[in-house]
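The model shown is predicted, which means the values in this text are computed figures rather than measured ones. Order of the sequence lines sets the chain letters (A, B, ...), proteins ahead of strands, with each chain counted from 1.
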2 protein chains.
Amino acid sequence: MKRSKKILFQEFIARKGLKSTRQRGTVLESFLSSDNHMSTEDLYLKVREKNPNIGYATVYRTLKLFAEAGIAREIHFGDGQTRYEHVAEGEHHDHLICTRCGAVTEFENETIERLQSEIAGQFGFVVEKHKLELYGICPKCRK
Amino acid sequence: MKRSKKILFQEFIARKGLKSTRQRGTVLESFLSSDNHMSTEDLYLKVREKNPNIGYATVYRTLKLFAEAGIAREIHFGDGQTRYEHVAEGEHHDHLICTRCGAVTEFENETIERLQSEIAGQFGFVVEKHKLELYGICPKCRK
DNA sequence: CCTCAGTTGAAAATGATTATCAATTTAACC
DNA sequence: GGTTAAATTGATAATCATTTTCAACTGAGG
């Protein structure tokens, strides 16, 4: 699975006529071995541990490539930071976000997905993607 | 109804020990008479038409007050701009966003709302608010 | 009126992200 | 292997939205 992401990225690189570089490899490894929903800054720090010479700009650029290649997805919560999450082919999930501690839980619900297409259809829309975020207090913080 | 928003804001101002100023009045009028989902910049331009002396910072500050007072709500679509929408007491709606022309349609669906609380409950969460955005192509753009 | 805390506008500061550009590296070809 | 053109990199400057700063101003109560 991790292997396949690497291969997917290689294929993307080849298809686009881009080049395979040491830096991109490092960023990819850091990304793949990291938690979901990492901010660009978090990733940058992780990358730095492996190679302190890699610059901020490279991390930004490379993460955008990952999104384009379909192995990562940009997400924006309320704060002014772009985060990236892992994309598991075909799978989609939504987020439960604790407003107290910031913990993010993922979930999936078939019924909601179906309702969404239905509603969109009523307006003549064809849904391409959606975003559903529930904000609240998580069990830990409620205690 | 527009009157009630003004009154709500007055009450908020009083409650917080803040002051009622000409500028705040101007911004409020511009906001109330404007379309939903205006960006701060749009509002700023509208405010300028009425009073070219009002600065950017004041518009920013005042819109935040509106959000605090509960008469406006911040929304963030993908672009890097904060927008504000009108809050009709007790009502909540979600967004259908055309990825081609940017048109925003609002909708409400009781079933989805209920499902959301249900799902959150399964994770032990208590939902405070949520955000649902469907991105797709609107009927006009599909023709 | 007077006073003072709250407000304002202009400009500087901030924080995240993007563009610039000279130096370097990759991939393909000879 | 050496050559070369195009892509990439890192440092830094630039940008964009938003916030802060601060001196001058103003509303509301005494």
Distance in Å, [X] [atom1] paired with [Y] [atom2], rounded so as to fall on 0.5 Å steps:
X: A:R24; Y: A:I54; atom1: CZ; atom2: CD1; result: 11.5 Å
X: B:H76; Y: B:Q81; atom1: NE2; atom2: CD; result: 11.5 Å
X: B:R73; Y: B:K129; atom1: CZ; atom2: NZ; result: 9.0 Å
X: A:F107; Y: B:F123; atom1: CZ; atom2: CZ; result: 7.5 Å

Provide, to the nearest angstrom, the distance between the [atom1] atom belonging to [X] and the [atom2] atom belonging to [N].
X: A:N53; N: C:dT25; atom1: CG; atom2: C1'; result: 15 Å
X: B:L45; N: D:dA17; atom1: CG; atom2: P; result: 12 Å
X: A:R61; N: D:dT8; atom1: CZ; atom2: C1'; result: 7 Å
X: B:N51; N: C:dA10; atom1: CG; atom2: P; result: 10 Å
X: A:R48; N: D:dA11; atom1: CZ; atom2: C1'; result: 11 Å

What are the residues of residues 9-28 of chain B, sorted by number, that bring a heavy atom to within less than 4.0 Å of DNA chain C?
->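 DNA chain C contact set from residues 9-28 of chain B: B:G17, B:L18, B:K19, B:T21, B:Q23, B:R24.
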Are there more than 12 heavy atoms of other residues, nucleotides or ligands under 6.0 Å from atom NZ of A:K140?
->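 Counting other residues, nucleotides and ligands, NZ of A:K140 stays at 12 neighbours or fewer.
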Under 4.0 Å protein heavy-atom contact, by nucleotide of nucleotides 12-18 of chain C - B base, S sugar-phosphate only | ----SBB
Apply the side chain to side chain contact (heavy atoms under 4.5 Å, CB included) test between B:R83 and each candidate in B:I75, B:V104, B:N36; give the one that qualifies.
->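 Among B:I75, B:V104, B:N36, the one meeting side chain to side chain contact (heavy atoms under 4.5 Å, CB included) with B:R83 is B:I75.
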Please work out which of the three classes, parallel, tilted or perpendicular, describes the rings of A:Y56 and A:Y44, given edges at 30° and 60°.
->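 Rings of A:Y44 and A:Y56: parallel, under 30°.
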Tell me, with the steps shown, if A:Y84 and A:F66 meet ring pair (Phe, Tyr, Trp, His ring centres under 6.0 Å).
-> CA-CA 9 Å; A:Y84 286 86; A:F66 292 169; 8.1 Å; no
